Amino acid sequence: MTETQAVGSVESVDILRIMEMIPHRYPMLLIDRVIEMKAGESAIGIKNVTMNEPQFTGHFPTQPVMPGVMIVESMAQTAAVLVVHTLGPEAEGKLVYFMTIDEARFRRPVTPGDRMYIHVTAIKQRGSIWKFKGEVKVDDKLAAEAIFSAMILDKK
């Protein structure tokens, strides 16, 4: 899906707004934009993978591959933006902690030059705990998927 194909989208959320919504910063801020979001339901984030990111100096220098754990983290950050959008301004800047990561599958490598489309769908929400299904696609091909849950907490 491209930015122009997003149907029923809220206005796109740029990087500056993302940094107001979630506390992550470089080098751990792993989404660049959210192009579609339906409160309480789903979101699509974008991560432009570039060679100048620090993980590629060691993973792997002669054949750079985005680490799977960072792909799953990009799903979680997209989900966190969805949660903040759903809960409103009082949720901005809260911390989101992984509780579970299940059924994680990595279908193809993600490499510099790729644009990850990060699709997250809320499965269940109970109190401060949310459960999501995430998929990452590159060129409309599934690169990774996972079911994960997270707890939203206030900063100390």
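All values reported here derive from a predicted model rather than from experimental measurement.
Under the 3.5 Å distance criterion, the side-chain polar atoms of Q125 are matched with a main-chain donor or acceptor of G127. Judged purely by atom type and a 3.5 angstrom limit, D32 uses its side chain to pair as donor or acceptor with the backbone of N48. The closest donor-acceptor contact from the side chain of R115 to the backbone of D139 lies at 3.5 Å or more, if one exists at all. In terms of modelled atom types and a separation under 3.5 Å, the side chain of S42 and the main chain of T121 share no donor-acceptor contact. The main-chain N or O of M116 is never found under 3.5 Å from a side-chain atom of D114 such that the two would form a donor-acceptor pair. Listed for the Q63 side chain is no donor-acceptor partner under 3.5 Å among the backbone atoms of F60.
Note: M51 CE to T111 OG1 = 10.0 Å, rounded to the nearest 0.5 Å. Going from atom CE of M75 over to atom CD1 of I31 covers 13.0 Å, rounded to the nearest 0.5 Å. Atom CD in E36 sits 10.5 Å away from atom CD in E41 (nearest 0.5 Å). Going from atom CZ of F148 over to atom CE of M99 covers 13.5 Å, rounded to the nearest 0.5 Å.
Hydrophobic cluster membership is shared by L82 and L16, with clusters built from Ile, Leu, Val, Met, Phe, Trp and Tyr side chains linked at under 4.5 angstrom. Note on L153: it clusters hydrophobically with I129, by side-chain heavy-atom contacts below 4.5 Å among ILVMFWY residues. Neither I123 nor V96 shares a network with the other; the hydrophobic side chains, linked directly or stepwise wherever heavy atoms of I, L, V, M, F, W or Y lie under 4.5 Å apart, form separate groups for each. In the hydrophobic clustering of ILVMFWY residues, with side-chain heavy atoms under 4.5 Å counting as a link, Y26 and I46 come out apart.
Under a cut-off of 6.0 angstrom, the local environment of OH in Y97 is sparse, with at most 12 non-hydrogen atoms contributed by other residues, nucleotides or ligands. R25 CZ: more than 12 foreign heavy atoms inside a 6.0 Å radius.
Here the side chains of W130 and V120 are not in contact, with every heavy-atom distance at 4.5 Å or above. Between L29 and I15 there is a side-chain heavy-atom pair separated by less than 4.5 Å. With contacts defined as side-chain heavy-atom distances shorter than 4.5 Å, the pair F56/V65 does not qualify. Within the 4.5 Å cutoff, side-chain heavy atoms of V83 are placed close to those of F132. The side-chain heavy atoms of V34 and I44, taken from C-beta on, include no pair separated by under 4.5 Å. For the pair V136 and F106, the minimum side-chain heavy-atom distance is 4.5 Å or more.
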Take I147 and K131 through the side chain to side chain contact (heavy atoms under 4.5 Å, CB included) test and state the conclusion after the steps.
CA-CA 7 Å; I147 304 289; K131 187 172 186 177; 3.5 Å; yes
Verdict with reasoning, V81 to I22, per side chain to side chain contact (heavy atoms under 4.5 Å, CB included)
CA-CA 7 Å; V81 170; I22 62 176; 4.1 Å; yes
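Summarising the geometry of L142 relative to K137, their closest heavy-atom pair is CA-CG, 4.2 Å, with the distance given to 0.1 Å. When all heavy atoms of M21 and V84 are compared, the closest pair comes out as O-CG2, 3.5 Å. What you find for I71 and M66 is that their closest heavy atoms are CG1-CG, 3.7 Å. Among all heavy-atom pairs drawn from T78 and A43, the shortest one is CG2-CB, 4.1 Å. Taking both residues in full, the closest heavy atoms of P23 and L95 are given as CG-CD2, 3.6 Å, listed atom of the first, atom of the second, then distance. Shortest non-hydrogen contact noted between I118 and L30 is CD1-O, 4.5 Å.
Ring pair Y117/H119 is tilted by interplanar angle, where 30° to 60° counts as tilted.
Residues that satisfy the side chain to side chain contact (heavy atoms under 4.5 Å, CB included) test with S128, not counting sequence neighbours, are M151.
With E145 as reference, R107 is the one residue of R107, R108, R105 to meet the salt bridge (charged side-chain N to carboxylate O under 4.0 Å, His left out) rule.
Residues S149 and T100 bring a donor and an acceptor atom of their side chains to less than 3.5 Å of each other. A donor atom on one side chain and an acceptor atom on the other are not found under 3.5 Å apart for S74 and Q77.
Under a 4.0 Å N-O distance rule, the pair R17/E92 qualifies as a salt bridge. Remark: K94 engages D154 in a salt bridge, criterion side-chain N to carboxylate O under 4.0 Å.
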